[in-house]
Amino acid sequence: MHQYVGLIVLFPLIGLLVNGLLGRKIKNETIVGIIGSGAVGLSFLVAAAIFIEMLGMPADGRSQTVTLFTWIAAGSLKVSASYLVDQLSILMTLVVTGVGFLIHIYSIGYMHGDRGFWRFFTYLNLFIFAMLNLVLADNYLLMFLGWEGVGLCSYLLIGFWYDRKFEGVKITWTGDAANKAFWVNRIGDFAFMIGMFLIFREFGTLTFNEVMGDAETLAVGNSTVFWITLLLFLGATGKSAQIPLFVWLPDAMAGPTPVSALIHAATMVTAGVYMVARNSALYALAPDTMTVVAIGGAMTAIMAASIGIAQNDIKKVLAYSTVSQLGFMFLALGVGAFTAAIFHVMTHAFFKACLFLGSGSVIHAMHEEQDIRHMGGLKKIMPYTYWTFLISSFAIAGFPPLSGFFSKDEILWKAFADGSAVFWFIGAAAALMTAFYMFRMVTLTFEGEPRWAKDKHPHESPATMTLPLVVLAALAVIGGFVGVPAALGGGNAIEQWLHPVFVQAHHSLALPAHHDHATEYLLMAISVAIGVTGFWFGRSVFLKNPDADRTIAAKTGVLYRLLANKYYVDDAYHATVVNPIVKTSDRFLFGIFDVRIIDGAVNGLAKTTGWVSSMLRYLQTGVVQNYAALVVVGIVVILGILIFT
Amino acid sequence: MSSELIVFLVLAAVSVLSGILMITRANPVQSALFLILNFIALAGIYLTLHAQFVAVIQVLVYAGAIMVLVLFVIMLLNLQDEDPLREQFRKKHYASLLVALLALVLIVQSIAWMGGDTLAGMTAQSPLALANGTVERIGDVLFTSYVFPFLLTSILLLAAMLGAVVLAKKRFP
Amino acid sequence: MIPVHYYLILSAVMFITGVVGVLTRRNAIIIFMSIELMLNSVNLTFVAFSSYLGNEAGQMFVFFVMAVAAAEAAVGLAIVIAIFRNTQTININQVNILKW
């Protein structure tokens, strides 16, 4: 079955071509929507079939490579368009196509009436195509193709409503936000490229299996591997919105909500996590980089969570929540818990997509109102949205037995056991804040008395929108049961499943096995307590007084302003990086270099030619005696040469 | 100081002087007459080289026919005197003069340097020179080895005649 | 005996005299006569070498040069007359339709 992996990538390609080329002619929205969603749905079916086949295979033989064609064969560089079908990639494929399919269905309802309907589905399919190339690729170059492709789609989709205003730090319309996303991503991509060059120089190949195979012979602490992993991680910070390159994600909320759900929650931002997990063997050889990754992830988690507390736009809260949860995933990767990170990717895709789609439902109902201070009391009016949103909030806050509890707890446990208590503490603090801001948002949005303007008439969304919500909420409930840890009596199926992929890394890391379940139980209990505390405070404070933000702001003053303005990171970047570059480009590169030097050279060439010709024309005056004189000059020259040489 | 040398020097002096005078006169008739003097001096030099036929032809054709033709044209056009050369001289004329003198220096230099061994050996006229210059010898060679150029020259003269007639004709009214 | 160099230098001087005449004067007939002077200097060179090498080819060449010079004189002077008829002058600076 695995030889059909090409079909997985082919269906979205066909979908995007049909919708892209003919979409404008097909006036019927339903058909466009069916083509787009159907393509992804078919990919999901093929992936599921391959997955089922893989279940039947022995654990060691599940990794297969399917080559479609040779892409580049130049000298010693040989890269094929081939796909690696193993436990990790098929898992990611299922998540991407499954959640993607649901979001496509949702978009049919959400984008109803938009004049760019066909364009939206074309871009979505293009995104799925690129993302699938990314997760299924068997070499760095094809992965990079997908990497760039998703970056491009992110730009196209953030700026989808290209004629709308959007408020941000130095951002006035959606195009600015799209540009920002693209440029910040570019910085990360540059680091990724350098890392790729280093890999080729060190290993002579770009295929994953060959690189990992060669890496077995290297020693832990190898300096080239350190640089490679560090550069790749920098690329991941760009794509997965970690410190220092996370600033694009909150502004990416300028795009339509399905885009935020698909790209900026479930799939694209997890590409960085996937990439690091795929390179686990290399990262295991660079303990310094692992420390950097863990610290970066932890800091991002707590910083983004703290910012989320003070945000009032429903999508911004979720955006910072995504950054924070990604921080958790990188924390897991940094301490060597690769499986836990991928597990969290999966569960996060379920509940975060559900949350975003739910927020889209609310926004639609409130006629594009996004400020949670102007909502409230939607519980009775939008039951489906409310209940799915609530369930996903419990999941993200880590309430057992929902999926978020198992994945987040695994991360925190590994952070404590294989990392240090400090990591655990930071993670726990971030988890507390997560619960708090999530339930603050739920309370302000759905509970209490209505605070919206008189002309709004909210209503529940149509079935195309609520059905995906229900499915995702259901997955958020049961998705955790594939990762029940040994401490609770489960077999931790996902750990078993992914074990062969990470076995080389675990071998290099040589982490001690943990049989002490007592500590694990203790930490689990603390996690639950944290979740409940956050829920309690978030709910009660804002249920009593929806304006509590103002009292908190008054009491904490500077601290609140710091959080509300996102630690002024955007402003800092603008002052230190963007402004100098813009000024330099304008004054120096444009004013001096382009206008004076380059234009000067080109114009100067023309002027010189003109000047030389005005000199040369004296040779042809029409006065014959001048010509005769020149002949004599010629004779003199020739004689001179003959005599003196 | 052999007599040959004296004869040569006198004739050479006449030749050079008449040449310079020719190019500097304002009156074209004077120029023509000085050129005739030049040609006659040259014919004398040819005689010192034992080239009898050429010397006679020089006087007959050059001085006798061509220069007469030139004088006819000067008279026909009724040319007036030009401005004297001193007034005519412009900056570019100085430049041309300079270049020409430079060329002279270089030519003389090349005669001295390049000819070198070949020329050094030619200090005396060849013993064949006297026999070569006679009419019999010239006629002999002309009509055997060089008959083809000879016939071509006749066609050339025909063409020149036709050209001159056509060009100088008055147009029909 | 006179070395051949004397004749050659005399020829060179005459040639340059002719060149100066061509470059400097503006009367067409004077220029024409300067050209004749140049041709004669070349004739002198040929005859000198013919004598000193004992080869009659030099004098043959002189013969043909003279024939050509005669033809050229005829045609050239006819042109001068034609120009004079059209422009009433043989000052070459005034026959300048070709000049820019």
Side-chain angles (χ1 to χ4, degrees), chain A residues 74-76 579-645, chain B residues 15-16 19-28 31-32 34-35 38 66 70 73-74 77 79-122 160 163-164 167:
Chain A
S76 58
N579 236 0
I581 290 181
V582 170
K583 286 259 163 49
T584 312
S585 298
D586 197 40
R587 292 228 206 94
F588 175 65
L589 287 177
F590 172 69
I592 296 181
F593 199 70
D594 192 36
V595 171
R596 294 225 203 120
I597 296 182
I598 295 185
D599 278 355
V602 173
N603 290 350
L605 203 63
K607 266 197 226 148
T608 309
T609 309
W611 177 80
V612 168
S613 1
S614 68
M615 293 289 117
L616 280 179
R617 68 178 180 155
Y618 287 107
L619 280 179
Q620 285 197 331
T621 56
V623 176
V624 181
Q625 282 183 328
N626 287 359
Y627 293 166
L630 285 174
V631 171
V632 180
V633 169
I635 294 174
V636 168
V637 168
I638 292 177
L639 279 177
I641 292 175
L642 283 176
I643 291 176
F644 292 113
T645 54
Chain B
S15 164
V16 170
I20 293 176
L21 283 171
M22 184 216 56
I23 65 173
T24 52
R25 296 300 97 200
N27 188 338
S31 285
F34 276 120
L35 192 58
N38 187 345
I66 294 178
V70 170
V73 171
I74 293 175
L77 302 181
L79 292 176
Q80 302 305 316
D81 281 6
E82 288 199 350
D83 304 328
L85 201 57
R86 203 160 302 149
E87 287 170 23
Q88 277 186 39
F89 237 51
R90 295 279 172 274
K91 246 191 253 176
K92 62 171 180 177
H93 296 135
Y94 284 113
S96 313
L97 190 59
L98 188 62
V99 167
L101 286 175
L102 193 59
L104 177 62
V105 167
L106 286 175
I107 294 174
V108 171
Q109 189 70 319
S110 67
I111 294 171
W113 274 16
M114 275 175 55
D117 306 326
T118 336
L119 291 180
M122 290 197 244
L167 280 169

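Here is how names work: the chains are called A, B, and so on, in the same order as the sequence lines, proteins then strands, and each is numbered from 1.
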Exercise: identify the closest heavy-atom pair between A:Val632 and B:Ala103: CG1-CB, 4.3 Å
In terms of heavy-atom contacts, does OH of B:Tyr94 have more than 12 from other residues, nucleotides or ligands at under 6.0 Å? no
Just how far is it from atom CG of B:Leu106 to atom CD1 of A:Ile638, taken to the nearest 0.5 Å? 11.5 Å
Gap between atom CG of A:Leu639 and atom CG of B:Leu104 - 0.5 Å precision: 11.0 Å
Holding to ring pair (Phe, Tyr, Trp, His ring centres under 6.0 Å), I want the full list of residues that pass it with A:Phe590, two or more places apart in sequence or in another chain. none
Name all residues meeting the side-chain hydrogen bond (donor to acceptor under 3.5 Å, both in side chains) criterion together with B:Ser31; count only those two or more places apart in sequence or in a different chain, and write none if there are none. none
Passing candidate, side-chain contact (heavy atoms from CB on, under 4.5 Å) with A:Val636, options B:Ile107, B:Val105, B:Val99: B:Val99
